[in-house]
K.L.:
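First the structure, then my questions, so here it is.
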Amino acid sequence: MILILNPAITPSDAAYQTLVHYLEGLPGIRVQSHVIQGEERRLTELYLLGATSTLDTSVMAGFEAVDRVIRVSEEYRILGRHADLSRRSGFEYQGLQFNQSSFHVFAGLCAVDHREHVEHMMRALKAAGQQCTRMGAYKPRTNPYAFQGHGAECLPYVFELAGKYDIKVVAMEITHEDHITEIESALEQTGNPTGVMLQIGTRNTQNFELLKSVGRQSRFPILFKRGFGVSLNESLNAAEYLASEGNSNVIFCLRGMKTEGAAPHRNLVDFAQVPLVKRLTRMPICVDPSHSVGDRGRSPEGVLEIAHAAAQGVVAGANMVLVDFHPNPAEALVDGPQALLMSELEPFLEDMARCHDFFEERVSIWTR
Ligand code: PEP
Ligand code: MN
C-alpha cells in the first residue's frame, strides 16, 4: 500500500507525526518514506511493506496528512505504476532531472583504458554541450584472461577530468559492493567534482545480494540493465530488489536480448518494449543501442545501425541513451567494434535530439 501525502505536509508537521506514530504501531508493517522532487514541488510517498492486505484504505485516507491511498499489486510494489497512472516518476541528481519525460544521452567509453582517451572524450562532450557520460572501470568479461578494467586505480583521474569538463554524472558499472566504497573514497579524494550513476550490468540482473547492497545506499542513483536471457517480468522484479532495500532512484535499461535470431547483430533489439515498461513502472527508461547492435555498420543510406536502433527507442519515448564512443576504436580494450567515432558524436546527438522532439510531436498527434 502506498500513501501519497499532501504536498504541503512536512515531517515536522503534527499531522505527519500522528500518521507515522499510527503506522509504527501496526504489527508486521514496515514504513519506507520516499521523497520525489519534481520540477515544481516535492511529494512524499510512504510505502507500507509487509502484511498490508488487512489494512483498510479508508482508515488511511482519513488521516489529515494523506492525500491519496493506492493499493498495489504484489509485483514491483514500489517501482510499479499500479492503478494510478498520474503518479510521478523519477528523481533529481546533480541538478539534473531524470524521469519519464526527461531526455539525456550518456555517450562515453565502454571501458576506461588511457587517461588521454578519457580526456579526449570529455572534452568532446563539453564542446557538444553534454553533462553526462559513461566510463567503465569494472568490466565483467566472458574470458577471465581478458582486460578486466582498471578498477579503483583509474577513478581519481576519471572524476577529476569529469569535473574539469563540467560532466555532472558518470554512469559506471559495478560488479561488487566493495566498488561502491571505492567510488566514494575516490570522489572524496578528488573533492567530489562529479556524480556517479551505479550501473548494474545484464550479467548481474539477478545477482540479488549485489542488488540488495546497491539498494541499501541512497547516495547514488542506479542504472539497471535488463537481463539478456530472462523475461521482462523477472528483470522488473529484480529491479524492485533495489527499491525494496530503500533506493528507488532507478533507471531501467533495455540493451537487447541474447538469441541466435539476432545474428549478425550482437543482441536482438528489444526497444519496442520502451512504452510497455513506462506503462508498467514509473522508472525512466534507457536504451543501449551499442550492446544491442554490436558493430559500426551503416545502412545503405549511410546511417549507423546503432543510430537506427537508438532512434527506435527514442521515438517510442526512451528517456536516456547509453552509447559507446572511443577516440580510436582500434585501440579500445573492450568493445572497439561497436564504439562510434568522435566525428560521429555531433550527428548522433542531433539525430537523438530530433527523435526526442518527434516523440513529443507523436504524443500530441495521439492526444489531441
Ligand atoms: C556495458 O554497458 O558496458 C555492459 C557491459 O553492458 P551489458 O551489461 O548490457 O552487457
Ligand atoms: Mn561494453
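For ligands, and for the atoms within them, numbers begin at 1 and follow the listed sequence. Please read these numbers as outputs of a predicted model, since none were measured by experiment.
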K.L.:
Could you walk me through whether His114 and His117 pass the ring pair (Phe, Tyr, Trp, His ring centres under 6.0 Å) test, one step at a time?
P.N.:
CA-CA 5 Å; His114 301 294; His117 291 151; 5.3 Å; yes
K.L.:
Examine ligand 1 and decide if any of its atoms is less than 4.0 Å from a heavy atom belonging to Gly136.
P.N.:
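No, Gly136 has no heavy atoms under 4.0 Å from ligand 1.
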K.L.:
Which residue owns the protein heavy atom closest to atom 8 (O) of ligand 1, what's the atom, and how far is it?
P.N.:
Thr202 N, 2.8 Å
K.L.:
Can you list the residues that meet the ring-ring contact (aromatic ring centres under 6.0 Å, His included) rule with His356, with sequence neighbours excluded?
P.N.:
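For His356, the residues satisfying ring-ring contact (aromatic ring centres under 6.0 Å, His included) (neighbours in sequence not counted) are Phe103.
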K.L.:
Checking the side chain of Arg255 only, and the main-chain atoms of Val287 only, is there a donor and an acceptor separated by less than 3.5 Å?
P.N.:
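Side chain of Arg255 to backbone of Val287, a donor-acceptor pair under 3.5 Å: no, none is there.
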K.L.:
Would you say the side-chain atoms of Glu305 and His265 include a donor-acceptor pair closer than 3.5 Å?
P.N.:
yes
K.L.:
Number the atoms of ligand 1 from 1 as they appear, then name those within less than 4.0 Å of a heavy atom of Gln199, with their elements.
P.N.:
1 (C), 2 (O)
K.L.:
Starting from atom 6 (O) of ligand 1, what is the nearest protein heavy atom, named by residue and atom, and what distance separates them?
P.N.:
Lys225 NZ, 2.8 Å
K.L.:
Is a side-chain donor-acceptor pair under 3.5 Å present for Tyr165 with Glu119?
P.N.:
yes
K.L.:
Any donor-acceptor pair under 3.5 Å linking the side-chain atoms of His326 with those of Asp113?
P.N.:
yes
K.L.:
Can you sort out which atoms of ligand 1 are near Cys110, meaning under 4.0 Å from one of its heavy atoms?
P.N.:
3 (O)
K.L.:
Does a side-chain N-to-carboxylate-O contact under 4.0 Å join Asp295 and Arg266?
P.N.:
no
K.L.:
Starting from atom 5 (C) of ligand 1, locate the nearest protein heavy atom and write down its residue, its atom name and how far away it is, to 0.1 Å.
P.N.:
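For this ligand atom, the closest protein heavy atom is Glu173 OE1, 3.5 Å.
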K.L.:
Should the ring pair Phe98 and His104 be called parallel, tilted or perpendicular, given that the plane angle runs from 0 to 90° and is split at 30 and 60?
P.N.:
tilted
K.L.:
Return the closest protein heavy atom for atom 4 (C) of ligand 1 as residue, atom name and distance.
P.N.:
His291 NE2, 3.5 Å
K.L.:
Please check if the side chain of Thr281 supplies one atom and the backbone of Arg81 the other of a donor-acceptor pair under 3.5 Å.
P.N.:
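Not at all, since once roles are kept as given, no pair shorter than 3.5 Å links the two residues.
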K.L.:
Check for me: within less than 2.8 Å of the Mn ion (ligand 2), which protein N/O/S atoms show up?
P.N.:
Cys110 SG, His291 NE2, Asp335 OD2
K.L.:
What atoms of ligand 1 come within less than 4.0 Å of a heavy atom belonging to Gly201?
P.N.:
8 (O)
K.L.:
Verify the distance criterion only: is there a donor paired with an acceptor across the side chains of His308 and Ser299 at less than 3.5 Å?
P.N.:
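Short answer, yes.
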K.L.:
Atom 10 (O) of ligand 1: which protein heavy atom is closest, and how many Å away?
P.N.:
Arg255 NH2, 2.8 Å
